Asker: 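Sharing a structure, written as structure tokens. Questions coming.
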Amino acid sequence: MNDIPILMAAPMPATVIDALDRHFTLHRLWEQPDADAFLARHGAAIRGIAANALAGRIDAGLFDRLPALEIVANFGVGYDNIDARAAAERGVMVTNTPGVLDAEVADLTLGLLLATIRRLPQADRYVRDGRWPDAPFPLSPTLRGRTVGIIGLGAIGKQIARRLEAFDVAIAYHGRTRQRDVDYAYYDTPVALAGACDVLIAIVPGSASTQHLVGAAVLDALGRDGIFVNVARGSVVDEPALIAALQSGTILAAGLDVYADEPNVPEALRALDNVVLLPHLGSASEHTRAAMGQLVVDNLTSWFSQRRVVTPVPETA
Ligand code: A2R
């Protein structure tokens with residue numbers, strides 16, 4: 001396989017780069033002084049792409065420039081950075097990294113939820129600023145007695161729910177379909193779910209169908225004591241509506257790991273005291289990123305040695 005040209009558009013962990021260097025002829029697009037000129041010159045030979053969210057959108061425009069392309073192996077379970085339907089139409093396989101990150105993202109979600117409710121980053125700043133000797137830190141809201149609603153009870157959503165069970169809270173969910181393997185309360189719209197709970201966690205894929213699934217009406221329904229946690233995609237929430245709801249007290253607080261225009265976080269969000277803001281950390285541990293990287297490598301080597309992949313996305317399965 002060593003002569004097969006693979007394109008990496010944006011840097012990935014060193015272990016992935018090393019492995020792909022060993023198996024293939026790896027082209028690092030970000031190191032090219034002129035990416036367009038590189039694609040014009042070498043695009044016709046490229047047979048695989050190792051992709052991640054930093055690589056920009058991978059769609060028909062790029063596929064047109066890579067006529068020999070057979071596979072796009074994405075580093076991440078969400079693949080809203082790739083037009084998988086356009087890939088399927090051209091017979092290009094797309095893979096992602098499901099499963100290996102579920103527990104990590106679920107752990108992070110519980111951490112973010114507790115940090116938001118108990119105001120842990122604010123308390124940390126309080127100690128660092130030397131304010132403790134003046135007065136105790138103000139009492140916080142609580143997770144006790146809450147009902148937690150999960151929008152998107154898929155692989156990660158179910159891991160979040162399992163962890164929440166240990167916290168003795170009521171659990172409810174919304175998705176397009178009722179899940180047969182759980183007995184949590186089901187609501188057939190996001191507004192109905194938000195009306196029935198006082199914590200709302202979004203963990204759906206980014207897609208046209210989930211665009212602004214959480215908007216002003218959902219936040220209104222969540223209510224004045226409501227906590228919103230987004231570990232899905234920034235596109236899932238109407239960000240200006242969320243900012244307005246946080247400013248006006250329509251909801252109590254939010255814990256956010258994802259944003260509409262990463263890595264840019266609106267100044268209006270950063271100015272608020274009732275938000276906890278993380279820089280898209282969901283799967284970002286060394287352990288889990290290594291497992292995701294291995295799956296990217298396995299998908300590519302398996303495709304070029306056996307015409308089979310480990311984890312195809314549904315559109316190209
Ligand atoms: O709607 P269903 O029954 O297909 O349930 C899926 C739900 N979902 C939606 N819920 C409401 N409205 C929609 N338009 C919609 N589209 C999808 O999201 C399912 O319960 C869940 C996705 O589950 P999985 O496919 O197992 O994805 P996983 O691995 O849990 O990851 C979720 C997302 C990633 O795509 C990244 O964006 C993020 O979490 O890290």
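The basis for the numbers below is simple: all heavy atoms, side chains too, and nothing from hydrogens, waters or symmetry mates. Computed from a predicted model, the values in this text were never measured in an experiment.
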Asker: Check for me, please, whether Ile6 and Met93 land in the same ILVMFWY cluster - side-chain distances under 4.5 Å, paths through other members count.
Answerer: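 Linked within one cluster.
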Asker: Any donor-acceptor pair under 3.5 Å linking the side chain of Asp198 with the backbone of Asp225?
Answerer: no
Asker: Taking atom NE2 of His287 as the centre, does the number of heavy atoms from other residues, nucleotides or ligands within less than 6.0 Å exceed 12?
Answerer: no
Asker: Has the side chain of Glu104 got a donor or acceptor atom that lies under 3.5 Å from a matching backbone atom of Gly282?
Answerer: no
Asker: Asn74 and side-chain hydrogen bond (donor to acceptor under 3.5 Å, both in side chains): which partner among Thr311, Asn81, Asn96?
Answerer: Asn81
Asker: With side chains defined as the heavy atoms from C-beta onward, is the minimum distance between Arg307 and Trp303 less than 4.5 Å?
Answerer: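 Yes, at least one pair of side-chain atoms sits under 4.5 Å.
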Asker: Could you pull out the closest heavy-atom pair between Pro312 and Ala317, with the gap in Å?
Answerer: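 Taking every non-hydrogen atom into account, CB-CA, 3.8 Å.
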Asker: Stepwise, does the salt bridge (Lys or Arg N to Asp or Glu O under 4.0 Å) test hold for Arg28 with Asp21?
Answerer: CA-CA 10 Å; Arg28 297 153 167 84; Asp21 263 335; 2.5 Å; yes
Asker: Would you kindly confirm whether Tyr79 and Leu7 end up in one hydrophobic cluster when ILVMFWY residues are joined by side chain heavy atoms under 4.5 Å apart?
Answerer: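 Tyr79 and Leu7: one cluster.
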Asker: Decide salt bridge (Lys or Arg N to Asp or Glu O under 4.0 Å) for Arg65 and Asp36; before the verdict, give the C-alpha distance in whole Å, the side-chain angles of both, and the deciding distance to 0.1 Å.
Answerer: CA-CA 10 Å; Arg65 309 184 72 180; Asp36 267 338; 2.8 Å; yes
Asker: Would you indicate whether the side-chain heavy atoms of Ile71 and Arg47 approach each other to under 4.5 Å?
Answerer: no
Asker: Taking all non-hydrogen atoms of both residues, which atom of Ala86 and which atom of Asp83 are closest, and how far apart?
Answerer: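 Taking every non-hydrogen atom into account, N-OD1, 3.0 Å.
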Asker: Using 0.5 Å steps for rounding, measure from the CE atom of Met292 to the CZ atom of Phe75.
Answerer: 4.5 Å
Asker: Which pair of heavy atoms, one from Leu39 and one from Leu62, lies closest together, and at what distance?
Answerer: CD1-CD1, 4.0 Å
Asker: If you count the non-hydrogen atoms of other residues, nucleotides and ligands that lie under 6.0 Å from CZ in Arg224, is the total more than 12?
Answerer: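 12 or below, so no.
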Asker: Can Glu267 and Arg270 be said to form a salt bridge (Lys or Arg N to Asp or Glu O under 4.0 Å), step by step?
Answerer: CA-CA 5 Å; Glu267 175 55 37; Arg270 289 190 279 140; 3.4 Å; yes
Asker: Are Asp64 and Arg90 ion-paired here, with the side-chain N under 4.0 Å from a carboxylate O?
Answerer: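 Yes, charged N to carboxylate O under 4.0 Å.
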Asker: Between Asp220 and Gly223, is there a donor-acceptor pair closer than 3.5 Å when you use the side chain of the first and the backbone of the second?
Answerer: no
Asker: Should we say atom CG of Asp134 is surrounded by more than 12 heavy atoms from elsewhere, each under 6.0 Å from it?
Answerer: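 Yes, CG of Asp134 has more than 12 neighbouring heavy atoms, counting only those of other groups under 6.0 Å.
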Asker: Would you say the side-chain atoms of Thr210 pair up with the backbone N or O of Pro205, donor to acceptor, closer than 3.5 Å?
Answerer: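 Yes.
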Asker: Applying side chain to side chain contact (heavy atoms under 4.5 Å, CB included), run through Val276 and Leu120 and close with a yes or a no.
Answerer: CA-CA 9 Å; Val276 176; Leu120 302 186; over 6 Å; no
Asker: Is any side-chain heavy atom of Ile227 closer than 4.5 Å to a side-chain heavy atom of Leu222?
Answerer: no
Asker: Between atom CD1 of Ile203 and atom CD1 of Ile151, what is the distance when rounded to the nearest 0.5 Å?
Answerer: 11.0 Å
Asker: Got a second to check how far Ile117's CD1 is from Ser140's OG, nearest 0.5 Å?
Answerer: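 Going from CD1 on Ile117 over to OG on Ser140, the span is 8.5 Å.
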Asker: Is it the case that more than 12 heavy atoms not belonging to Trp30 sit under 6.0 Å from its CH2 atom?
Answerer: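 Above 12, so yes.
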Asker: OG/Ser285 to CG/Asp107 distance, rounded to the nearest 0.5 angstrom?
Answerer: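 Output value for this atom pair is 9.0 Å.
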Asker: Mind checking whether Arg119 and Pro141 have side chains closer than 4.5 Å, heavy atoms only?
Answerer: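 A side-chain contact exists here, since the closest heavy-atom pair is under 4.5 Å.
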Asker: Output yes when a side-chain donor or acceptor of Arg57 lies under 3.5 Å from a complementary backbone atom of Asp80, and no otherwise.
Answerer: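 Confirmed, Arg57 side chain pairs with Asp80 backbone.
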Asker: Taking CZ in Arg118 as the centre, count heavy atoms belonging to other residues, nucleotides or ligands within less than 6.0 Å. Is the count above 12?
Answerer: no
Asker: Indicate, with yes or no, if Leu200 and Val148 share a hydrophobic cluster defined by side-chain heavy-atom contacts under 4.5 Å among Ile, Leu, Val, Met, Phe, Trp and Tyr.
Answerer: no
Asker: Ignoring hydrogens, what is the shortest heavy-atom contact between Phe304 and Glu70? Give both atom names and the distance.
Answerer: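 It is CE2-OE1, 3.4 Å.
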Asker: Indicate the atoms forming the closest heavy-atom contact of Arg176 with Ser209, along with that distance.
Answerer: NH1-OG, 4.1 Å
Asker: Is there a donor-acceptor contact under 3.5 Å from the side chain of Asp257 to the main chain of His280?
Answerer: yes
Asker: Side chain to side chain contact (heavy atoms under 4.5 Å, CB included), that's the test. Do Asp181 and Lys158 meet it? Break it down for me.
Answerer: CA-CA 10 Å; Asp181 55 342; Lys158 283 177 183 158; 3.2 Å; yes
Asker: For the side chain of Asn299 and the backbone of Leu295, is there at least one donor-acceptor N/O pair under 3.5 Å apart?
Answerer: yes
Asker: Nearest 0.5 Å, please: how far is OG1 in Thr25 from CE in Met1?
Answerer: 11.0 Å
Asker: Between Leu269 and Leu246, is the side chain to side chain contact (heavy atoms under 4.5 Å, CB included) condition met? List the steps.
Answerer: CA-CA 9 Å; Leu269 263 183; Leu246 287 161; 4.0 Å; yes
Asker: Looking at Gln32 and Leu29, would you say the former's side chain and the latter's main chain have a donor-acceptor pair under 3.5 Å?
Answerer: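 Checked: no pair found.
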Asker: With a 4.5 Å cut-off on side-chain heavy-atom distances among I, L, V, M, F, W and Y, is there a chain of contacts connecting Ile251 to Val214?
Answerer: yes
Asker: Decide yes or no on side-chain hydrogen bond (donor to acceptor under 3.5 Å, both in side chains) for Ser283 and Arg289, but give the supporting numbers first.
Answerer: CA-CA 7 Å; Ser283 65; Arg289 287 290 167 87; 3.0 Å; yes
Asker: Report the C-alpha distance between Arg128 and Asp124 in whole Å, list the side-chain angles of each, state the deciding distance to 0.1 Å, and finish with yes or no for salt bridge (Lys or Arg N to Asp or Glu O under 4.0 Å).
Answerer: CA-CA 6 Å; Arg128 288 173 198 274; Asp124 176 272; 2.5 Å; yes
Asker: Looking at Val237 and His212, what are the two nearest heavy atoms and their distance?
Answerer: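 Here Val237 and His212 meet closest at O-CD2, 3.4 Å.
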Asker: Does atom CZ of Arg144 have more than 12 heavy-atom neighbours from other groups under 6.0 Å away?
Answerer: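 Yes.
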Asker: Is the side chain of Ser302 donor-acceptor paired with the backbone N or O of Arg308 at a distance under 3.5 Å, no angle test?
Answerer: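 Judged by distance alone, yes, a pair lies under 3.5 Å.
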Asker: So, do Val92 and Val72 sit near enough that their side-chain heavy atoms are less than 4.5 Å apart?
Answerer: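 The answer is yes, as the side chains (C-beta and beyond) meet within the 4.5 Å cut-off.
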Asker: If hydrophobic clusters are built by linking Ile, Leu, Val, Met, Phe, Trp and Tyr wherever their side-chain heavy atoms come under 4.5 Å apart, do Val105 and Val258 end up in the same one?
Answerer: no
Asker: So, for Tyr173 and Tyr186, is the gap between ring centers shorter than 6.0 Å?
Answerer: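 Between Tyr186 and Tyr173, which both carry aromatic rings, the centre distance is below 6.0 Å.
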Asker: Would you confirm whether Arg163, through its side chain, and Gln159, through its main-chain N or O, come within 3.5 Å as a donor-acceptor pair?
Answerer: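 Indeed, once roles are kept as given, a pair shorter than 3.5 Å links the two residues.
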Asker: Look up atom CD1 in Ile201 and atom CG in Asn230, then write down how far apart they are to the nearest 0.5 Å.
Answerer: 10.5 Å
Asker: Checking side chain to side chain contact (heavy atoms under 4.5 Å, CB included) for the pair Tyr184/Leu153: CA distance, chi angles, key distance, verdict?
Answerer: CA-CA 10 Å; Tyr184 310 130; Leu153 199 69; 3.8 Å; yes
Asker: Would you mind telling me which of Thr301, Thr316, Thr95, Val94 makes a side chain to side chain contact (heavy atoms under 4.5 Å, CB included) with Val309?
Answerer: Thr95
Asker: Does CD in Glu286 sit with more than 12 non-hydrogen atoms of other residues, nucleotides or ligands closer than 6.0 Å?
Answerer: no
Asker: Heavy-atom distance under 4.5 Å between the side chains of Trp132 and Phe137, does that happen here?
Answerer: no
